[in-house]
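Note: hydrogens, waters and symmetry copies are ignored here, and every other heavy atom, side chains too, is used. Keep in mind that what you see is a predicted model, and the values were worked out from it rather than measured.
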Amino acid sequence: MTLRHSVAVDLGASSGRVMLARFDRDTRSIRLREIHRFANCLQRTDGFATWDLDALEQEIRTGLQKACDEGIVIDSIGIDTWGVDFVLLDRDGKRVGLPVSYRDNRTDGVMENALGELGREEIYRRTGIQFLPFNTLYQLRALSEQQPEVLDKVEHALLIPDYFCYRLTGALNWEYTNATTTQLININSDSWDETLLGWAGVPRKWFGTPTHPGNVIGQWICREGNKIPVVSVATHDTASAVLGAPLKDKEAAYLSSGTWSLMGFESKTPYATSKALAANITNEGGAEGRYRVLKNIMGLWLLQRVTKELAITDLSDLIARARQIPACKFVINPNDDRFINPESMSREIQAACRESQQPVPLTDSELARCIFDSLALLYAQILQELAELRGRPISCLHIVGGGSQNELLNQLCADACGVPVLAGPVEASTLGNIGCQLMALDEITDVDDFRTIVAASYQLKSFSPQTDSEIARYVAQFPHNRQTCKEFCA
């Protein structure tokens with residue numbers, strides 16, 4: 001029996017984990033085991049919402065050392081995180097300024113200025129990336145306008161996973177899948193767009209040439225002195241999650257469900273047409289030169305904030321109580337900017353319902369039901385947009401990530417979308433991270449080969465659409481409803 005052991009560091013916007021993977025070459029099976037888990041919380045620093053990068057780095061090192069302490073020979077390490085956020089370094093490799101989060105309000109109004117000065121069509125023609133107010137393009141413009149004294153001190157700008165790889169290895173890298181989330185990569189050249197960098201007010205020299213996933217960028221030396229290769233995987237967690245999604249066929253779509261929900265399909269070519277622009281569809285980079293044609297959805301961030309505010313610890317009980325509430329009694333648009341980082345998510349949801357003259361969700365279970373129904377309805381609208389963009393129907397929807405454990409939301413999604421749903425694996429981003437490492441180690445041929453292994457290693461749960469459910473009837477009545485689907489999603 002020939003085994004490979006790889007470690008995936010998977011950092012989300014609310015938590016992180018260090019996972020050990022065992023790949024059996026003979027049985028072509030893969031198993032994951034959690035080595036270390038930790039929280040990732042925003043903090044306030046000098047008036048900004050920031051990440052505690054020092055604490056996160058210490059947790060990463062703790063997890064890696066725990067894996068080494070088991071006496072297992074570690075063949076490789078990979079890191080994936082959320083997108084768009086960055087770290088500035090001086091010529092000595094020390095941080096400059098604060099690691100500000102995309103949820104900070106410093107970018108308020110910046111995107112609107114970009115649309116006025118550069119034009120929506122021109123930015124999209126260059127990048128094919130959806131317009132989100134916190135994209136790196138707008139964060140950098142906010143930095144250059146609000147803190148110009150910082151700029152002269154900067155030698156390099158690294159996205160978050162590249163920064164942690166740098167801290168482990170001392171090597172600089174700009175991984176492609178995450179770089180595309182910045183809205184600064186030119187979709188035709190696959191390199192940094194100097195016109196957009198110029199508008200942002202930052203020099204091209206901050207950024208090195210983007211590299212595609214699958215290359216060893218350096219080595220981490222553990223306490224025992226072992227040198228372990230660090231692989232630049234698909235470092236955007238959604239890129240890894242899509243890689244780890246065992247897509248049933250070429251007509252399938254995926255939904256990476258977690259703090260954010262990201263719904264899309266995989267394509268060898270980008271979709272940057274006027275129809276895609278009108279739907280605000282993004283074309284982010286994937287493994288093997290594939291594109292992730294998708295749309296961002298605010299996701300379970302709303303639920304995470306509500307449960308934190310109301311000190312709810314039993315999520316299963318909350319979901320069970322939400323199941324008993326009639327569907328679509330309260331409906332919001334989860335993608336409204338008001339939900340990015342409100343002072344109180346519960347009050348913001350209630351205010352949105354009140355303003356649209358709906359009943360107001362007052363209890364924790366009503367708030368949860370509002371979130372679940374609203375997400376399912378938004379999933380239905382976006383799946384329809386994706387099918388129209390591609391010109392053929394979606395065969396099924398793969399839900400991966402932590403949100404795939406929510407069986408109520410999975411069934412609501414199947415009913416609203418009218419397609420079969422396959423849920424799992426939960427740790428798709430970790431699996432995709434490991435898949436890139438195994439390809440770099442020449443253990444797996446390509447993405448399709450890896451997905452075959454994932455499908456054989458993990459059992460998926462099926463949810464068939466129920467056309468007579470409350471939410472399915474609600475969707476069927478959209479043309480006659482007080483609030484049509486497109487108005488709801490506007």
Side-chain angles (χ1 to χ4, degrees), residues 9 11 51 53 57 60 76-97 99-100 102 126-129 135-141 143-144 150-220 229-237 239-240 283-289 291-292 433 436-437 439-440:
V9 178
L11 290 183
W51 303 108
L53 295 186
E57 180 183 339
I60 291 171
S76 60
I77 297 166
I79 300 176
D80 68 85
T81 80
W82 66 96
V84 306
D85 286 344
F86 57 89
V87 180
L88 302 174
L89 302 177
D90 65 16
R91 64 183 57 192
D92 297 320
K94 296 180 180 179
R95 287 206 308 267
V96 176
V100 179
Y102 63 87
R126 290 178 176 276
T127 67
I129 296 297
N135 285 348
T136 317
L137 171 62
Y138 314 122
Q139 290 198 49
L140 288 171
R141 174 69 176 225
L143 173 76
S144 64
V150 170
L151 304 185
D152 289 341
K153 303 174 185 177
V154 178
E155 189 71 18
H156 302 292
L158 295 177
L159 294 171
I160 298 294
D162 292 326
Y163 169 74
F164 286 125
C165 286
Y166 167 74
R167 292 293 298 163
L168 293 182
T169 67
L172 297 169
N173 190 61
W174 288 264
E175 192 275 320
Y176 171 73
T177 69
N178 213 356
T180 61
T181 71
T182 64
Q183 209 172 21
L184 287 164
I185 294 291
N186 189 290
I187 198 169
N188 298 305
S189 67
D190 278 351
S191 190
W192 304 101
D193 189 294
E194 296 194 22
T195 296
L196 296 178
L197 286 171
W199 181 85
V202 300
R204 171 67 179 83
K205 69 173 186 176
W206 285 10
F207 301 89
T209 302
T211 61
H212 284 264
N215 57 303
V216 175
I217 58 174
Q219 296 177 324
W220 176 67
V230 175
V231 176
S232 178
V233 298
T235 62
H236 187 222
D237 52 8
S240 277
N283 294 273
E284 294 175 356
E288 296 180 350
Y291 289 90
R292 294 175 286 130
N433 181 321
C436 265
Q437 294 184 56
M439 283 184 266

Please round to the nearest 0.5 Å and tell me the distance separating atom OH of Y291 and atom CD of E284.
12.0 Å

Closest heavy-atom contact between I217 and S232?
CG2-CB, 3.8 Å

With a 4.5 Å cut-off on side-chain heavy atoms, are V154 and V202 touching?
no

Any heavy-atom pair between the side chains of N178 and T81 that's under 4.5 Å?
yes

Any side-chain heavy-atom pair of I160 and L53 under 4.5 Å:
yes

Short side-chain to backbone donor-acceptor contact, N433 and S240, under 3.5 Å
no

Atom CG of L196 and atom CD1 of I129: how far apart are they, to the nearest 0.5 Å?
11.0 Å

Side chains of L151 and L143, heavy atoms from C-beta outward: is any pair under 4.5 Å?
yes

Within the side chain of D90, is there an N or O that forms a donor-acceptor pair under 3.5 Å with the backbone of D92?
yes

Value for OG (S76) from CD (Q219), rounded to nearest 0.5 Å, stands at 12.0 Å

Test side chain to side chain contact (heavy atoms under 4.5 Å, CB included) applied to N188 - qualifying residues, sequence neighbours left out
N186

Passes side-chain contact (heavy atoms from CB on, under 4.5 Å), T235 versus L159? Steps please.
CA-CA 9 Å; T235 62; L159 294 171; over 6 Å; no

Looking at residues at least two apart in the chain, or sitting in another chain, which of them share a side chain to side chain contact (heavy atoms under 4.5 Å, CB included) with E57?
R61, Y163, F164, R167

Using the side chain to side chain contact (heavy atoms under 4.5 Å, CB included) criterion, which residues pair with Y166? Sequence neighbours excluded.
L89, L158, L172

Pairing residues for D190 by the side-chain hydrogen bond (donor to acceptor under 3.5 Å, both in side chains) criterion, not counting sequence neighbours:
Y176

Exam field: side chain Q183 to backbone T136, donor-acceptor pair closer than 3.5 Å:
no

Between T169 and G218 (side chain of the first, backbone of the second, donor and acceptor by atom type, cut-off under 3.5 Å), is there such a pair?
no

Which heavy atom of C436 sits nearest a heavy atom of P213, and at what distance?
SG-CB, 4.1 Å

Those residues at least two apart in sequence (or on a different chain) that pass side-chain hydrogen bond (donor to acceptor under 3.5 Å, both in side chains) with D85 are W51, W82, Q139

Partner residues of E288 under the side chain to side chain contact (heavy atoms under 4.5 Å, CB included) criterion, sequence neighbours left out:
R290, M439, D446, V447

Can you tell me how far apart CG (L197) and CG (L140) are? Round to the nearest 0.5 Å.
7.5 Å

Do D193 and T127 pair up side chain to side chain, a donor and an acceptor below 3.5 Å, judged on atom types alone?
no

Less than 4.5 Å apart, any side-chain heavy atom of I60 and any of W220?
no

Taking the side chain as every heavy atom from C-beta outward, state whether R204 and S191 have any pair of such atoms under 4.5 Å apart.
yes

Is the backbone of A157 close enough, under 3.5 Å, to the side chain of W174 for a donor and an acceptor to pair up by distance?
yes

